[in-house]
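Can you keep this structure in mind? I'll have questions shortly.
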Amino acid sequence: MRERSELGVCVLLLVLGVLVLTDALTMDVDITQRGPVGPKTVPVVVGIGLLVVAALLAVDVLRGGRGEAEGGEDVDLSEPADWRTVLLLSGIFLGAAVLIEPAGFPVAGALLFWGAAFALGSRRVDRDPLIAAVLSLFTYVLFDKLLGVPLPGGPLMGVL
């Protein structure tokens, strides 16, 4: 089965396509919504696309097609994965997800941006927190105020 491990991706795409199509076709749509493009259109197209790609990939794999090994210019495949960075980024992301409701997006986002910069190697403690705070506030204002996507403001809700 090692020679045909890509079939696992085919199964994943097939299951995902069936799930998307099932969700789209069982969606309740208001009868007053008429027209050629409704809320079901895009999920149906994506679901059908997933099924087609799964079938084409399965045919290719069964005919002997194989994916090429990664040959990136700056990737050394002989080096092991940097699990410390992966775990740090995962912890920072989960911490931001936990903090977003009580502390608000500006605080959680600043910690997320600063933590990600630290996990990826930046050690500029004089500059990184400031950049993270500005980036987080800019993102909050852009989404919450300009785009109308409500984000929790936390203790800064009255200030912003």
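Just the heavy atoms: all of them, side chains too, but no hydrogens, waters or symmetry mates, feed the values below.
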Working to the nearest 0.5 angstrom, can you tell me the gap between Leu89 CG and Phe118 CZ? 11.5 Å
Correct closest heavy-atom pair for Lys40 and Met27 would be CE-O, 3.2 Å
Measure the CZ-OG1 distance between Phe113 and Thr139 for me, rounded to the nearest 0.5 Å. 4.5 Å
Spatial distance of atom CG (Leu137) from atom CG (Leu142) [nearest 0.5 Å]: 12.5 Å
From CG (Leu146) to OH (Tyr140), nearest 0.5 Å: 11.5 Å
Could you grab the distance from atom CG of Leu21 to atom OG1 of Thr26, nearest 0.5 Å is fine? 10.5 Å
Note, Leu151 side chain near Ile100 side chain (heavy atom, < 4.5 Å): no
To the nearest 0.5 Å, atom CD of Glu6 lies from atom CG of Leu62 at 10.5 Å
Closer than 3.5 angstrom, by distance alone: can the side chain of Ser90 be matched with the main-chain N or O of Val86 as a donor-acceptor pair? yes
Path from Leu14 to Leu25 over hydrophobic side-chain contacts below 4.5 Å: yes
If hydrophobic clusters are built by linking Ile, Leu, Val, Met, Phe, Trp and Tyr wherever their side-chain heavy atoms come under 4.5 Å apart, do Leu120 and Leu112 end up in the same one? no
Run the side-chain contact (heavy atoms from CB on, under 4.5 Å) check on Leu51 and Val18 step by step: do they pass? CA-CA 7 Å; Leu51 294 178; Val18 168; 4.1 Å; yes
Min side-chain heavy-atom separation Leu56-Asp60 under 4.5 Å: no
Using every non-hydrogen atom in the two residues, find where Ala96 and Ala108 come nearest and quote the distance to one decimal. O-CB, 3.7 Å
Under a single-linkage definition using a 4.5 Å side-chain heavy-atom cutoff for Ile, Leu, Val, Met, Phe, Trp and Tyr, are Ile92 and Leu99 assigned to the same hydrophobic cluster? no
Cationic N near anionic O, under 4.0 Å, Asp82 to Arg84: no
Nearest atoms (heavy-atom pairs only) where Ala58 meets Cys10: N-SG, 3.3 Å
Between Pro43 and Ala24, what is the shortest heavy-atom contact and its length? CB-CB, 3.5 Å
Minimal heavy-atom distance between Leu50 and Val20, with the atoms involved, is CD1-CG2, 4.3 Å
Which heavy atom of Ala110 sits nearest to which heavy atom of Ser136, and what is that distance? N-OG, 3.2 Å
According to a hydrophobic-cluster definition based on side-chain heavy atoms being under 4.5 Å apart (Ile, Leu, Val, Met, Phe, Trp, Tyr only), do Leu16 and Val61 belong together? yes
